2 protein chains.
Amino acid sequence: MTSRSTYHHGDLRQAVLAAALDVIAAEGPGALSLRDLARRAGVSHAAPAHHFKDRTGLLTALAAEGYGLLAEALAAAPDLRERGVRYVRFAVEHPAHFQVMFQPALLRADDPDLLAAKERASAELRAGVAGLTDTGDARSAGIAAWSLAHGFATLLLTHNVTGAVGDRDPEEYFRSLTGLLFSGQLPASGRQERE
Amino acid sequence: MTSRSTYHHGDLRQAVLAAALDVIAAEGPGALSLRDLARRAGVSHAAPAHHFKDRTGLLTALAAEGYGLLAEALAAAPDLRERGVRYVRFAVEHPAHFQVMFQPALLRADDPDLLAAKERASAELRAGVAGLTDTGDARSAGIAAWSLAHGFATLLLTHNVTGAVGDRDPEEYFRSLTGLLFSGQLPASGRQERE
DNA sequence: CCCGTATCTAGTCATTGACAAGTTCTGAGT
DNA sequence: ACTCAGAACTTGTCAATGACTAGATACGGG
């Protein structure tokens, strides 16, 4: 990709997005440099700006893409637990997207594409608890489930549970976690001594 | 703080840390600039570097401070649920610390102070599930509880549950979430239709 | 074939992080 | 009280970056 015979790159937008994902996954969003991405794509230093306006624009495009992928990943899940598993799988398979999606400070919050994609993903999340309305507060139930999946995914990506998960498949581990929770093994309100 | 009669600032380290917390809470870690912090403290542009080596050093110091504060906040909680509530409270009251603590890419992972503080906080987290060993896998139970609290805290700080929480106290809302979970209101494995 | 426009290049400026070298102050030891 | 080693801070500098502007090139509809 370093040399290029034609004046036009052909698919610079996708090339930059792909390179950005690599950089973010490896070194985080802070290490992202438009000029570096331009070099990787073999174009001049200002070329990426034409597609994304600025750094924030690029990150916003990535986040929107991420929400779209998440919506796809969650679609047609058989039940709530499986939806959680897919949420975790998404985070593991798309760590760069996931990171950017949940750092509002990096994004243009009012971007139309971002809002639309976010709404699609949000609808999928809500669909996961749509059938639980009569057993309690569906919205709260959804937030509880989302918190569990999101927290596990985040801790996973920040290397805070690597020891416990070990060689096990993270998705499988998460499945067992949900089993643990809903079987009542965790007496959250039970008193206990300070060790 | 803009003018200063003495050659030495007196407490530049603390001044820079405090200013950094303001910036991060308002605009995220990416907006952090050592030179800007120097200006706010009324010192020359290179003064902060003497205390923190570089940008990563500053962020690492903040993260270490954060883990110390978290360990304090969790200490002597009466039960697991209350420990979760305090975890959420910590995130709400120290959003800048919380953000930095869970972005490994920003930190020097092998920093001794960071590791020590992290270990203290980790010990407090483990203590929360120390009494549950006979009811199941204590480590997994701990990770489940941590995931729930961490996920809710993260979603809260990223403005992803503001609508649901509304005017309610986030801590109180989280308390009710744990109640929902452990009362078996959430049939995670129950089949359900696609809406 | 022509021209409007999308795509990309080249040049520039202010800002930043990092480093080096020099200056001012503090305080421990005698 | 004196010295001096080192901590705290300043000044100067360099390469890299984001953002902007103006201009060159190529594509595609009419």
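Just so it is clear: chains get the letters A, B, ... in the order the sequence lines come, proteins before strands, and each one is counted from 1. Please read all numbers here as calculations on a predicted model, not as lab measurements.
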| Hey, does the side chain of A:H50 come within less than 4.0 Å of C:dT7's phosphate (OP1/OP2), counting only N and O? |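 True: A:H50 side-chain N/O within range (under 4.0 Å) of C:dT7 OP1/OP2.
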| Any B:K53 side-chain nitrogen or oxygen under 4.0 Å from OP1 or OP2 of C:dC19 |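 For C:dC19, OP1/OP2 do have a side-chain N/O of B:K53 under 4.0 Å.
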Taking atom [atom2] of [N] as reference, at what distance in whole Å does atom [atom1] of [X] sit?
X: A:F52; N: C:dC8; atom1: CZ; atom2: P; result: 11 Å
X: A:L37; N: D:dT17; atom1: CG; atom2: C1'; result: 12 Å
X: B:R108; N: C:dG17; atom1: CZ; atom2: C1'; result: 13 Å
X: B:L12; N: C:dT26; atom1: CG; atom2: C1'; result: 16 Å
X: B:R13; N: D:dC9; atom1: CZ; atom2: P; result: 12 Å

| field | Check: A:D137/A:S140 side-chain N/O donor and acceptor closer than 3.5 Å | value |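 The answer is yes; a qualifying pair exists.
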| message | As an exercise, state the distance from CZ of A:R55 to CG of A:L106, rounded to the nearest 0.5 Å. | response |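 It comes to 7.0 Å.
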| query | How many angstroms lie between CD1 in A:I143 and CG in A:L148, if you round to the nearest 0.5 Å? | reply |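 Answer for the CD1-CG pair, A:I143 versus A:L148, is 13.5 Å.
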Polar pairs (N or O, both sides) under 3.5 Å between protein and nucleotides 13-16 of chain D?
none

| said: Using the side-chain hydrogen bond (donor to acceptor under 3.5 Å, both in side chains) definition, which of the options B:D54, B:T56, B:T60 pairs with B:R108? | reply: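 Among B:D54, B:T56, B:T60, the one that satisfies the side-chain hydrogen bond (donor to acceptor under 3.5 Å, both in side chains) with B:R108 is B:D54.
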| task | May I ask you to decide whether B:R86 forms a salt bridge with B:E171, counting only side-chain N to carboxylate O separations under 4.0 Å? | result |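 Not counted as a salt bridge, because no side-chain N and carboxylate O are separated by less than 4.0 Å.
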| Backbone N/O of A:M101 and side chain of A:Y67: donor-acceptor pair under 3.5 Å |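 Yes; at least one donor-acceptor contact below 3.5 Å.
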| task | Enumerate the residues from residues 55-63 of chain B whose closest heavy atom to DNA chain C is under 4.0 Å, giving them by residue number; use none for an empty result. | result |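 The answer is B:R55.
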| Hey, can you pull the residues of residues 18-32 of chain A with a non-hydrogen atom under 4.0 angstrom from DNA chain C? |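 Contacts with DNA chain C under 4.0 Å: none.
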| field | DNA chain C: 5'-proximal contact among B:D54 and A:H51 (nearest heavy atom) | value |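 Going by which nucleotide is closer to the 5' end, it is A:H51.
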| Going by the angle between their ring planes, with limits at 30° and 60°, are A:H94 and A:F90 parallel, tilted or perpendicular? |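 A:H94 and A:F90: tilted rings.
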| Would you call the rings of B:Y87 and B:F98 parallel, tilted or perpendicular if under 30° counts as parallel and over 60° as perpendicular? |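 Answer is perpendicular, since the angle exceeds 60°.
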| field | Counterpart residues, side-chain contact (heavy atoms from CB on, under 4.5 Å), relative to A:H45 (two or more places apart) | value |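 For A:H45 the side-chain contact (heavy atoms from CB on, under 4.5 Å) partners, ignoring immediate neighbours, are A:R35.
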| query | By side-chain contact (heavy atoms from CB on, under 4.5 Å), which residues pair with B:E119, not counting sequence neighbours? | reply |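 Residues passing side-chain contact (heavy atoms from CB on, under 4.5 Å) with B:E119: B:S122, B:A123, B:R126.
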| task | Kindly write out the residues that satisfy side chain to side chain donor-acceptor pair (under 3.5 Å) with A:D111, not counting sequence neighbours, or none if the list is empty. | result |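 In terms of side chain to side chain donor-acceptor pair (under 3.5 Å), with neighbours along the sequence ignored, A:D111 is linked to no residue.
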| Selection from D:dT11, C:dC8, D:dC20 that lies nearest to any side-chain heavy atom of A:A47 |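 Out of D:dT11, C:dC8, D:dC20, the nucleotide with an atom closest to A:A47's side chain is C:dC8.
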